[in-house]
Structure formats: C-alpha cells, structure tokens
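Note sheet for the following structure.
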Amino acid sequence: MTAPVTDTPVWTRKHLLALADLSREEILHVLDTAQGFQEVSTRSVKKVPALRGRVVVNMFFEDSTRTRMSFELAAQRLSADVIDFSERVSSTKKGETLIDTARNIEAMGVDIMVLRHPAAGAALHLSQAVDCCVVNAGDGQHAHPTQALLDLFTIRERKGRIDGLNVAIVGDIGHSRVARSDVRGLQKLGANVTLVGPPTLVPKAFEQMGTRVTSDFEGVLPEMDVINMLRIQKERMSASGFPSVREYVRLFGMNHERLGRCKPDVLIMHPGPVNRGIELAADVADGPHSSILRQVTNGLAVRMAVLFLCQQAAAGTPVM
Amino acid sequence: MSTSILIRNGRVIDPAQEIDEVTNLAIQDGKIAALGAAAPASAEEVIDADGLIVAPGLLDMHVHLREPGFEESETIETGTAAAAAGGFTAVACMPNTEPPLDNDAAIEFVLRQAARAAHTRVYPIGALTKGREGKELAEIGLMVRAGAVAFSDDGVGIADASVCLRAMRYVSMCERLFIQHCEEPALAGGGCMHAGPTATRLGLPGISGTSEVVMAQRDITLAAQAGVRYHVAHVSTAGTVELVRKAKQEGRPVSAEVCPHHLLLTDEACATYNANYKVNPPLRSRADVEACLAGVRDGTIDCLVTDHAPHRSEEKEHEFQFAPFGMIGLEIALPLFIQALIEPGIITWPRLITAMSTRPAQLLGVTGGTLTVGQPADVTLIDPRQEWTIDAERMRSKCSNTPFDGRLVRGRAAGTLAAGAWRFRTENLSSAARRV
C-alpha cells in the first residue's frame, strides 16, 4: 500500500534555515527549480505570477545592499508585494525582542520573512515563533544558505557537475557564514572541500566537518577545480589574527601568477563585494576564469526558487 | 682566503655523527671535504691542532646586536666580531632594536649589515607582534620570506594569552620556532632583581621566580593547542626547569636555553649594588642555580646561550634600580660554560658542543651544527687548557658590562672558521700554521 516514491513531493519545507538541514535531493531540487526561473530574467516582461497576492518582508538587521536587493527583485519577479524592514538591531534598543518585532510584522499579514541578522541561530529562533515562512539571508557566522545555493548553481552550470570536484575556499573561514554553508552544500553534492588560510583564520575544528584544512595555498592550487576567494574584512584583520593586508596578499591573494599554476579550466568564485587587489587581483576578477557577475545573476534565480518552494510548501500546494 | 685547509691531529668532536677522536679535518672551497683517514695529507694551509678541540661552529641563538637604533652600544659589525672571537660562527639576534625587527625590510637590513661585516653568520629573529607591543601580529610570513629563522618579542613576554595563542598559531603555519621571554608582567612589574631574602635585605623591588614559571606554564598549554615548537628563552628558575622536563617527558616539542650567569651566580651577587649584576631574568637563588645545572645535566635544557646584552658604562653607572638590564657574553661564554659545566663534571665535551652548536642549529632549522662532509665549513677550534683572566676592557664588543671582569677561567676559542674562511684566530694558532 505504499505510494510510489515519485508521488512524494521532494520539497516540503516552509523554511530555509541552513543547508545542513537539507538532503542532496532537496538541494538539487532547488537548483533545478532555479534553472526554470532563470528563463524569466530573459523575457521582455520579467515577471511570473507565482507569488501574486503574497507578501514578502525583508527583515535586515545588518547592512547588506546586494542580498537585500537580490531578494527584493526575486520576490518582485514572482509578483509578490515586498516590504522592507531594515533597522540595524535598533528595535532592541527600544526594548523589543526579535520575536516581538516579527510577531508585530506578521500580524500585518506577511507570508514570507527574509531575515538577515548578526546573531547565529536567529533564523531558527524566528521560525519557531512565527507561522509564516522564514528564509535565512544570513545569521551571524552560522549560515547563508542562498549564497551557497547560488554558488552550487554556478559551479554546476560551469562544470556540468559537482560530484568529485576539488573545491578550495580561501580566507577568513572562521568568521564566514558563506564558508560554513558552502562546505555543507558542496559535501552533500559530493565535492571534496579544502579550506585554505592561516590557522588564525581557519580553525582546525573544520576538519571535524570532513574538510581538509591547510595554510599551503600554493600547494593546493594545481589540484583545484574551483577556488572560492572569500572577502577579507580589513577592519577585522588584527582582531582575527592577521598581520597586514600586505602580508595577506602575498600569502593568500589570487593573482595572475597563481592562476597560471591552476588547472586551465579552474573556476574562480567570490561572494562579493570584491576587495580588488587584496583577495583577488583585478585582472583575475575580470578574467575568463571568474564567475563573479554570473554568481550575482544566478542568485536571483536561486532566490526566486527558494521563495517559491517555501511558499508552495506553506500553502500546502503539491509542488511539481 | 685559502681554498684548502687541513686541520691536523685535533680532537674532532661532532655529536651529530657521534665522533670524538683525534684525527684530521680537511676543508675545501668553503665546505667540509673530508674527515679522518679520508683527509688528504697536505693542503694550502695546514694547521696543527694538537691539544685543541675541533668542533662544529658554535651558534649562539640569543644575542642582542643593538643595530639598528642603539649603535653606540653595539653594531652588527662589532657584535659579530666579538662573536667570532668567542668561537661563534653564527648568532641569532633578537628583534628588540629601534625600530624593532618586525617587518621584512628590517630583517633584510640585518642580513645586509651582517654580510658587510662578514664575521659570522647572522640569523635574525623576528618580532611576534608589531612594535613588540604584544597586541597585533607582526608580518611574520613576510619576515620568514626575508630570512627570519624564529620569532620572539624577547625583552618582554606576550602578556595577553589570546594574542599569544594567535601568534603561536601563525608561527606554526610558518614552521618556525616560537621563543618566549617568560615573564608575566603583572607579577614582575617594577622589580630589578630576584625577589628573595637578598632583595628584601637590600630594599630593592623584586622580580619573582613565579613570574617566569606562570608564563611558561601558560605557554606550554597554549603551544600544545597551537601545535607550535616552543622554546623558553634564558631559563632561570627551578620551576621552569621542572615544567620543561615534564613537557619533554610528555613528548611535547618544548625546548629551553640557559645563560652562563644563571649557572654561576646567585642573587647574593647583587649585594654591592653593582649594576653589572643586573640582568633579566635576574640572578636567582642557589636552589634555582642548582636546578638549572641539573637541567643541563639531564638534557632538559637544550641550549647554552649568552643573552649578550651590551650597555654603555654610563648607563650601567646608574643606581642599581635605574640601570638597564643585561650583560655581555659573546667573548667569555665558552670558558664560563667550561667552568660551570665541564670542570665540575656536570657534562662532557660532546654534550657541551651539542648544546652550543648542534642543538641550536636543529631548533632554528639552519645549516651547521655538524662536521658532515659536504656541509659548509663552519668550524670552531678550542684550546681547552689555556688559562686566562677575563678583562672587560679588552673586548671586541663596544661595551664592557660584565660581572665576570677579573675572573680566572680556563679554555678559549683558538680559531673560528665560517664557510671555510678564518673569522678569528689567536696568535698561537697563526704561528702554528706558519710552522707546519
């Protein structure tokens, strides 16, 4: 009496909190759905009615122009109404908790909350307190699932696969939610992940997550299919244990010379915004190996897919 | 410079090859060419080393050359000339210059000055933190590329444990030695001699032995977490010796060094308020001296160093409390270690050579420390029997601040060869060369 597997919807989640929660199939389903939405951007009228009459609120408790714009545009292309709530943790100054703020907003009739928050775990916390969908747009140093999904999408698009690829993530891994989400997503799709940086920025504990940890950037270059260069936070440099920008560039910056020691078809990624001349030399950032702008474009399709799938799951509509 | 030198009939001691026998050593084109029966019968220059010890070049891994910034006290030229006269073919210099050696340009400056002086090899030790302030990491990676062999903020320890851990992690990435001047400032602040009965009697503020032990204890824990090779500079207390001993028993990469004055003098020497006895870490108690000697005997203490710290006489003429810390050592360390360690039978000659040459070279990861064929010919000839009286006014160092002035000692460097070229030799050795 068991129903055929094919009848079970792959996606039943109304929240997207972290890639650690998702199965390989769920991740691939988001990527496939995004593939379908990719086409919308090429139309003269760049809109589909999938979320017509729905309300998406962007709740940003931390500055992020790009991610906020990407989510806003994604929601608009799905025909949702979008409102913006971007106080910088100031609600707490008034004594209001995140949960109180969210319940007040939800009371206005909101379907999806997109949350960016400086505290790790904030998205999970919020999802347990509200009835609407919650999409994590970055919580502290914990997770940034849509960034990881767009990275996976871009790798698959350029490489045709993710299984078996050697992927290096370089930089301030310890403080990076992007790195944590990328690691989870890449591993679930079968890539071998190497984390590169000085031990002051890359905690050894990442080995417990099944990654290789090294500070020998030169040594790993020839074996990599994909190299993701994280943004260095200059203001965080001394606190996080790095002597100087000058030294960082010499030891861990991607430049033309190092690119020459990579595989000819290596893919160079960056979550943006780029510090030109620091983690990435300008000619490499703008060169044929770079996928930086493509990542931004793909981010839109991926976020459309996430908003769509979560809303569908919440509404109880069978998905595909 | 001769292209070939034959050193005949010396007692060749090379702990790395477990050699200790009277034999010949041949040098060709700056390298060790042959040893023992394989050595040719003649050479352009033949040295009769009968009665002398022929050892791999001595390496002092803890000196202050004062340049840049304090050239009136010492320069790289005068400091390395003193080193060569003391039997050293190489020194590692500490970064507490002005400006400090905390960037690659400063490291390259030291190497350039050393090449100009051409007396001994100089291995710069880079600062761990910018300005040696114990706050932000210095450009350790770039200094490694410029030639820094180890890292230390010597003169001070890193008080902030989190900065220290970060520095250790970073140094471990660069696979270099982390050297700490162990002194917890909160426990040492304002002191000028060992905190003990003598300081109490003299009315001088003390530096407790605990201040050293506490930081060494903390560091050994941090170093294990960081995975760095950790070296305690100038050990002076029984407590630190015991910590290092225990760490070694546990198999940790922990090492230590000791200075001649911490093996020969106690805090009671400060009783005359003579600032030449003022040094940091300070001269300690008899029990501490005994523990340091025992540490050398059982191998807990790896290396013998000078902590050569020149200060002009007008600086040392200040009241004890206001005079600077430090004493010179390069030209007198060898006989002082002989007096402290060989004469009482605490260690043998091969052990002394290990601690003054082989082991420091290993820890710093540099060439030398052995007379293996093919290695650069860094060789020290030692006359172990010559008796002489230390005369502080007859030093190649620019300064004469030593409490050992007037001391009768035995043993002296007779000749120093670095890369097969004479950097120092006594009149006797030169005439012997002519005679042969």
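In what follows, chains are A, B, ... by sequence order, proteins preceding strands, each numbered from 1. Basis for what follows: all heavy atoms, side chains included, without hydrogens, waters or symmetry-related copies. From a predicted model like this one, the values you see are computed outputs, not experimental measurements.
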Checklist entry - Run the side chain to side chain contact (heavy atoms under 4.5 Å, CB included) check on B:M173 and A:L251 step by step: do they pass? => result CA-CA 11 Å; B:M173 170 181 79; A:L251 299 186; 4.0 Å; yes
Next on the checklist: Counting neighbours of CD1 on A:I99 that are heavy atoms of other residues, nucleotides or ligands and sit closer than 6.0 Å, is the number greater than 12?
Outcome noted: yes
Checklist entry - Got more than 12 heavy atoms from elsewhere within 6.0 Å of CZ, A:R177? => result yes
Checklist entry - Under the side-chain hydrogen bond (donor to acceptor under 3.5 Å, both in side chains) criterion, do A:E247 and B:Y170 qualify, and how do the steps go? => result CA-CA 12 Å; A:E247 176 154 324; B:Y170 209 81; 2.6 Å; yes
Checklist entry - Mind checking which of residues 142-158 of chain B sit less than 4.5 Å from chain A, heavy atom to heavy atom? => result B:L142, B:R145
Checklist entry - Hey, what do you get for CZ (A:F242) to CD (B:E136), rounding to the nearest 0.5 Å? => result 13.0 Å
Item to check | Side-chain donor/acceptor of A:K204 to backbone N/O of B:Q225, under 3.5 Å | outcome: no
Item to check | Interchain contact, B:T129 with chain A, by part (heavy-atom threshold 4.5 Å) | outcome: neither
Next on the checklist: Tell me which of these, B:V163, B:D104, B:L165, has more heavy-atom pairs under 4.5 Å with chain A than the rest.
Outcome noted: B:D104
Checklist entry - Among A:P199, A:S215, A:P198, which has the most heavy-atom pairs under 4.5 Å with chain B? => result A:P199
Next on the checklist: Taking CD in A:E207 as the centre, count heavy atoms belonging to other residues, nucleotides or ligands within less than 6.0 Å. Is the count above 12?
Outcome noted: yes
